[in-house]
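A short write-up of the structure that comes next.
All of these numbers come straight from a predicted model, not from anything done at the bench.
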Amino acid sequence: MMDVSTLLTILRSRKVNLWVEGSRLRCSAPVGAIDAELKSALVDQKDEIIALLQADTPPGHLTEAPTARSEQPASSTLQTICREVAAPVPVAPERMTQFVSELRSCSFDLASCAKRLGVFPRLGVNFWASMRPDWVARANDPIDNLISLFIDGRQVNTNLFAKQLTSRFVDTALDMGLLTDCAGGVLQANACLFPCYGSYIVTDHPAKNSTINQVMWLWGESFVLGGLVKRSPRRRAVDLGTGSGIHAILAADHCSSVIGADINPRAVEFATFNAMLNGKSNAQFILSDLFNSIEGTCDLLLANPPYAPDSAAQPGDNFWSGGLQGTDLLRKIVESLPAKLDPDGTAHLIALYPNPPATKTRDHFDMWLGGKIGDWDVLDHTWPVPHYEDLFSLQPYQGDKSAWRFGVVSLRRSASGNGWWKEGAGRGLFFGTDGRCNLVADHDGH
């Protein structure tokens with residue numbers, strides 16, 4: 001039997017791409033590239049190939065595995081545009097409420113999107129158009145048209161769309177600046193609109209825009225952190241690097257008050273708009289460099305800081321740069337935990353952990369906490385990403401990534417003073433076929 005390494009080498013030489021959708025192995029290939037022998041080998045080695053692809057699966061900042069295509073775009077390039085795009089504009093609260101009600105009434109939610117687009121076990125719903133090049137929107141389906149318009153950035157027919165939803169919905173979207181009514185009777189979206197665990201979140205488009213300081217769209221990491229957080233009642237939540245406000249908005253459902261902080265004024269505009277869109281009056285958004293403008297403490301800390309190692313941008317200059325090492329902002333957050341997290345509080349941090357060779361994530365947390373990692377109970381829901389590819393930085397890191405990991409690290413103070421560090425279950429395979437996250441970072445369960 002042909003071994004997997006040899007098989008993948010042959011497939012790569014014949015320009016055959018492999019990827020995983022749910023639990024199924026998919027491929028695309030030039031005509032005649034897969035002969036009977038290769039087809040038989042693919043069938044025989046299917047389970048091992050799937051395991052290999054899933055082991056190399058990257059987080060939302062997409063990557064190219066060296067031997068096969070996994071949960072990544074078909075191309076390792078990201079479109080760059082230069083375009084002024086205005087932030088969304090709030091309208092009367094009752095109009096925004098009705099707008100959301102109409103999205104719910106046509107079932108524009110994670111379950112319906114999962115049914116139409118498929119689900120990645122580590123990233124959730126496949127909202128990335130480059131991963132479904134053969135997907136064709138059904139013109140008679142309002143969910144497909146919402147996906148085409150607000151996720152894929154395609155134009156849709158104005159009259160058809162207004163009939164499938166309502167003309168009132170279209171008018172509200174136009175007034176909020178989410179849509180433009182173009183010549184030829186078609187609508188064009190000025191922003192993305194994602195369903196996320198019962199909320200609706202507006203972000204900038206998924207293309208690198210050199211004119212504006214973009215608000216990050218909902219990568220898989222947004223759904224990972226949103227799903228892993230234990231939604232128990234809390235007094236005060238702080239969301240650092242809030243971006244679109246997604247994690248602050250989700251926290252508003254179970255916290256008395258929420259502060260979302262970002263150094264980017266555009267992000268504060270988007271987050272404030274999204275809170276109004278979702279009716280979250282207990283969420284406040286402020287300009288702040290991490291904790292600098294936030295007084296007091298919290299019992300829930302959430303953070304998805306910029307984390308890509310980038311020698312050409314300062315940490316926080318954009319939504320991806322974590323500075324030269326990639327950990328500048330993450331380090332500052334972890335160093336602040338003893339002073340900013342209440343004794344009964346929990347912190348959930350999702351990031352890339354670009355560990356140097358032969359080091360572990362725990363080593364760096366211990367250093368950042370002054371050698372006192374033993375004072376904390378830590379759940380490590382991360383997985384290896386040795387083939388991580390940075391699609392944003394002008395000067396991406398090119399060194400050894402063999403120890404790099406990605407995912408959520410959750411910390412709380414040890415009640416006994418005898419802390420622990422435990423790797424979570426699931427190997428990062430968090431999501432079910434309906435788009436739901438099936439795992440919660442629960443310290444009490446350990």
For the side chain of D181 and the backbone of T158, is there at least one donor-acceptor N/O pair under 3.5 Å apart? no

Could you tell me whether a side-chain N or O of N278 sits under 3.5 Å from a main-chain N or O of Y200, the two making a donor and an acceptor? yes

Donor-acceptor contact present, side-chain N274 to main-chain V202, <3.5 Å: yes

Using a strict 4.0 Å threshold on nitrogen-to-oxygen distance, state whether R132 and D152 make a salt bridge. yes

For F365 together with W421, are the ring centres under 6.0 Å from each other? yes

How about D109 and S112: does a side-chain donor come under 3.5 Å of a side-chain acceptor? yes

Side-chain heavy-atom pair F127, F120 within 4.5 angstrom cut-off: no

Between D390 and K401, does the salt bridge (charged side-chain N to carboxylate O under 4.0 Å, His left out) criterion hold? Intermediate values first, please. CA-CA 12 Å; D390 178 1; K401 305 173 187 176; over 6 Å; no

Between the main-chain N or O of L341 and the side-chain N or O of R413, is there a donor-acceptor pair closer than 3.5 Å? yes

Rounded to the nearest 0.5 Å, what separates atom CG in D204 from atom CD1 in I212? 4.0 Å

Fit a plane to each ring of F392 and W219, take the angle between them on a 0 to 90° scale, and name the class: parallel (under 30°), tilted (30 to 60°) or perpendicular (over 60°). perpendicular

Let me confirm one number: the OG-CG distance from S232 to L300, rounded to the nearest 0.5 Å. 8.0 Å

Q98 side chain reached by T172 side chain, heavy atoms, under 4.5 Å: no

N264 side, atom CG; E269 side, atom CD - distance, nearest 0.5 Å: 9.0 Å

Do any N or O atoms from the side chain of S210 and from the backbone of I81 form a donor-acceptor pair under 3.5 angstrom? yes

Please determine whether the number of non-hydrogen atoms from other residues, nucleotides or ligands lying under 6.0 Å from atom NZ of K360 exceeds 12. no

Determine whether the aromatic ring centres of residues Y307 and F406 are separated by less than 6.0 angstrom. yes

Salt-bridge criterion met for D253 and K280 (N-O under 4.0 Å): yes

Using atom types as modelled and distance alone, determine if a side-chain donor or acceptor of D262 lies under 3.5 Å from a backbone N or O of G243. yes

Salt bridge (charged side-chain N to carboxylate O under 4.0 Å, His left out) pairs touching residues 231-243, sequence neighbours excluded, are R235-D299, R235-D342, R235-D344

First locate atom CD of E84, then atom OG1 of T211, and finally report the distance between them rounded to the nearest 0.5 Å. 5.5 Å

Calculate, to the nearest 0.5 Å, the distance between atoms CD and CG belonging to Q214 and N318 respectively. 9.0 Å

Backbone N or O of R405 within a donor-acceptor pair of the T382 side chain at under 3.5 Å? no

Side-chain (Q188) to main-chain (G153) donor-acceptor, under 3.5 angstrom: yes

Considering all heavy atoms, the nearest G419-D377 contact: CA-OD1, 3.4 Å

In the structure I gave you, are the side-chain heavy atoms of L352 and P309 within less than 4.5 Å of one another anywhere? yes

Single hit among W383, Y353, Y397 for ring pair (Phe, Tyr, Trp, His ring centres under 6.0 Å) with W404: Y397

Under 6.0 Å from the NZ atom of K115, do we count more than 12 heavy atoms belonging to anything else shown? no

Is any side-chain heavy atom of H348 less than 4.5 Å from a side-chain heavy atom of L225? yes

Side chains of T166 and E102: donor-acceptor distance under 3.5 Å anywhere? yes

Can you tell me if N282 uses its side chain to pair, donor with acceptor, with the backbone of A252 under 3.5 Å? yes

Less than 4.5 Å apart, any side-chain heavy atom of L228 and any of F223? no

How many angstroms lie between CD1 in I259 and CG in L301, if you round to the nearest 0.5 Å? 12.5 Å

Quick one: side-chain hydrogen bond (donor to acceptor under 3.5 Å, both in side chains) partners of H247, sequence neighbours excluded? none

Between T180 and N190: side-chain donor-acceptor atoms closer than 3.5 Å: yes

Looking at I294, is its backbone amide N or carbonyl O close enough to the side chain of K340 to form a donor-acceptor pair, meaning the two atoms are under 3.5 Å apart? yes

